[in-house]
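These numbers come from the heavy atoms of this one structure, side chains and all, not from hydrogens, waters or symmetry mates.
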Amino acid sequence: MTDNLTRARQLLTEHPVVDGHNDLPWALREQVRYDLDQRDISTDQSACLHTDLPRLRAGGVGAQFWSVYVRTDLAGDAAVSACLEQVDIVRQLAARYPDDLELAFTADDMEAVRARGRIASLMGAEGGHSINNSLATLRALHRLGVRYMTLTHNDNVNWADSATDEPRHGGLTRFGEEVVREMNRCGMLVDLSHVAASTMRDALRVTTAPVVFSHSSARAVCDHPRNIPDDVLELLPGNGGVAMATFVPKFILPAAIDWTERADENMRAHGFHPLDTTPAAMKVQRAFADSEPRPRATVATVADHLDHMREAAGVDHIGIGGDYDGTGFLPDGLEGVDGYPRLIAELLDRRWSTADLAKLTWHNAVRVLRDAEAVARADTRPPSNATIDRLDA
């Protein structure tokens with residue numbers, strides 16, 4: 001492993017990681033209300049965050065999709081405003097740390113920023129509630145630089161079913177299909193993490209551009225509804241999309257599912273949202289883990305998912321989306337964004353080739369954005385002014 005860890009670091013200098021999902025913006029909102037003096041990520045922030053610039057550099061990260069996520073208990077205009085504040089903090093981070101971060105809006109930008117020795121910073125909106133049923137709002141987010149939207153988060157939206165809510169629509173509604181078409185027209189990637197399998201299949205039926213799963217793993221390896229069924233993985237070669245494996249223990253380790261449900265109930269009993277990662281909330285989480293030791297995922301657990309996803313979808317259709325700063329716990333060896341070399345070393349141990357690893361870390365993610373851009377350039381339709389009232393009445 002030691003030799004392969006050295007090889008992994010060398011490989012990442014040439015083919016750095018494009019990570020599909022990092023919740024640092026929300027963590028900064030929750031912990032310090034965006035006061036970057038209190039969370040100076042140019043210094044070690046491992047006491048309170050999974051992410052900082054030294055660890056991004058040590059992890060070989062060349063591009064990051066920052067999640068401009070808002071919780072689903074924010075709705076309507078409040079969700080839109082919160083999403084805009086998330087976009088704003090990503091822009092603040094790039095302005096504050098120009099030697100390390102640079103905004104990127106296209107695949108060519110990603111390549112150019114990497115060539116300048118900086119980390120390409122892209123944005124993905126997590127949850128269709130952030131557009132408040134408005135295609136104009138969707139277009140505005142695209143103009144601000146948002147390059148994917150996860151159709152749902154943990155709860156259904158008015159036009160799409162979530163993986164972790166009671167089915168209400170049977171997948172996408174007619175308006176939901178129009179959302180997908182408008183994303184294709186704009187060049188915004190359709191992100192199918194968090195959505196129900198019925199929504200995945202509907203989106204793949206409607207879309208004319210490649211999709212992404214920004215942070216989802218294989219349901220055949222861990223039977224959690226947040227993961228991707230094999231029949232959907234097998235559709236990705238025909239679509240051109242990319243499934244980016246996540247590191248969240250309850251999505252990758254079957255033994256962690258029940259434990260996490262109990263931990264979530266404990267969080268609610270103490271007045272915290274289960275996804276709260278503030279210091280006070282994490283103190284409650286750690287106390288629960290001390291009383292009920294949690295099942296431990298490892299680097300090998302993630303590699304098992306990637307092995308299966310490569311088999312089911314093909315090596316041209318997989319990537320990495322760790323979900324750092326969006327989860328309370330992480331696999332041993334992947335506790336922070338400096339952990340990617342250990343994952344690559346594990347895959348080298350499993351005899352993944354350099355060419356396959358280069359696709360996993362960099363080339364697939366860049367290609368899927370470039371292909372979505374090409375679809376948008378060829379689309380001559382005018383902007384859609386469809387409304388949910390008209391289509392779903």
Side-chain angles (χ1 to χ4, degrees), residues 17-22 63-65 67 107 122 124 126 147-153 162-164 180 183 188-207 209-248 250-253 301-324 326 331 334 340 343-344 347 350 352 356-372:
V17 169
V18 180
D19 183 272
H21 194 88
N22 184 304
Q64 179 65 67
F65 279 92
S67 175
L122 303 101
E126 187 174 21
R147 287 301 177 264
Y148 73 64
M149 184 174 74
T150 321
L151 299 186
T152 74
H153 190 244
S162 167
T164 47
V180 169
M183 293 174 73
M188 185 186 289
L189 289 163
V190 176
D191 179 18
L192 299 179
S193 286
H194 278 288
V195 308
S198 56
T199 305
M200 298 176 193
R201 297 179 186 112
D202 279 355
L204 283 162
R205 171 179 54 81
V206 172
T207 187
V211 303
V212 294
F213 291 81
S214 66
H215 57 309
S216 295
S217 292
R219 195 174 298 189
V221 180
C222 181
D223 189 13
H224 192 287
R226 269 283 281 106
N227 286 333
I228 313 168
D230 273 4
D231 71 289
V232 175
L233 285 170
E234 290 163 4
L235 293 173
L236 288 182
N239 165 262
V242 172
M244 308 178 91
T246 190
F247 300 168
V248 179
K250 68 178 177 180
F251 302 151
I252 59 174
L253 185 68
T301 312
V302 178
D304 290 344
H305 281 266
L306 286 168
D307 278 342
H308 182 85
M309 292 162 75
R310 181 175 65 163
E311 181 68 23
V315 73
D316 294 314
H317 304 285
I318 54 175
I320 300 170
D323 204 6
Y324 282 112
L334 295 171
Y340 301 103
L343 175 59
I344 301 307
L347 296 174
R350 297 177 184 216
W352 282 50
D356 283 359
L357 289 168
K359 290 178 178 181
L360 172 75
T361 58
W362 182 263
H363 295 291
N364 290 344
V366 175
R367 189 263 309 158
V368 78
L369 182 57
R370 181 170 281 121
D371 289 352

State, yes or no, whether a side-chain contact exists between T246 and S217 at a heavy-atom distance under 4.5 Å. yes
Looking at A372 and P210, what are the two nearest heavy atoms and their distance? N-CD, 4.2 Å
I'd like to know if the side chain of T207 reaches the main chain of A203, judged simply by a donor and an acceptor atom lying under 3.5 Å from each other, with no hydrogens or angles considered. no
Contact summary for S216 and M309, nearest pair of heavy atoms: O-CE, 3.7 Å
Sidechain-backbone polar pair: R367 side chain, G240 backbone, donor-acceptor under 3.5 Å: yes
Heavy-atom distance under 4.5 Å between the side chains of M244 and H21, does that happen here? no
Could you note down all residue pairs passing salt bridge (Lys or Arg N to Asp or Glu O under 4.0 Å) where residues 212-222 supplies at least one of them, sequence neighbours left out? none
Close side-chain approach of L192 to V232, heavy-atom, < 4.5 Å: no
Among V18, L357, V17, whose side-chain contact (heavy atoms from CB on, under 4.5 Å) with W362 holds? V18
With under 30° as parallel and over 60° as perpendicular, where do the rings of H224 and F251 fit, or are they tilted in between? perpendicular
Please check if the side chain of N364 supplies one atom and the backbone of A243 the other of a donor-acceptor pair under 3.5 Å. no
Look up atom CG in N227 and atom NE2 in H308, then write down how far apart they are to the nearest 0.5 Å. 10.0 Å
Can you confirm whether L236 sits close enough to V211 that some side-chain heavy atom of one is under 4.5 Å from a side-chain heavy atom of the other? yes
Heavy-atom closest pair (A365 atom, V368 atom, distance to 0.1 Å) is O-CG1, 3.2 Å
Kindly compute the distance separating CG (L334) from CZ (F247), expressed to the nearest 0.5 Å. 5.0 Å
S214 versus Y148: any side-chain heavy-atom pair under 4.5 Å? yes
On a heavy-atom basis, which atom in G319 and which in L306 lie closest, and how many Å separate them? O-CD2, 3.8 Å
Nearest 0.5 Å, what's the CG-CZ distance between D191 and R147? 15.0 Å
Main-chain N/O of I252 paired with H305 side-chain donor or acceptor, under 3.5 Å: yes
Could you tell me which non-hydrogen atom of D19 sits nearest to which non-hydrogen atom of G322, and how far apart they are? OD2-N, 2.9 Å
Would a 4.5 Å heavy-atom cut-off, applied to side chains only, mark L360 and I344 as touching? yes
Qualifying salt bridge (Lys or Arg N to Asp or Glu O under 4.0 Å) pairs with a residue from residues 226-240, counting only residues at least two apart or across chains: R201-D231
Do side-chain atoms of H317 reach the backbone of G241 as a donor and acceptor pair under 3.5 angstrom? yes
Given L369 and L122, is the side chain to side chain contact (heavy atoms under 4.5 Å, CB included) satisfied, shown in steps? CA-CA 11 Å; L369 182 57; L122 303 101; 3.9 Å; yes
Would you say the side chain of I320 lies within less than 4.5 Å of the side chain of V302, judging by non-hydrogen atoms? no
If you measure from CG on D316 to CZ on R310, what distance do you get to the nearest 0.5 Å? 11.5 Å
Run L151 and V180 through side chain to side chain contact (heavy atoms under 4.5 Å, CB included) and show every step you take. CA-CA 9 Å; L151 299 186; V180 169; 4.2 Å; yes
Taken to the nearest 0.5 Å, the spacing of Y324 OH from N22 CG works out to 9.0 Å
Quick check: do T199 and T152 have side-chain heavy atoms less than 4.5 Å from each other? no
Which heavy atom of T164 sits nearest a heavy atom of P225, and at what distance? CG2-CG, 4.4 Å
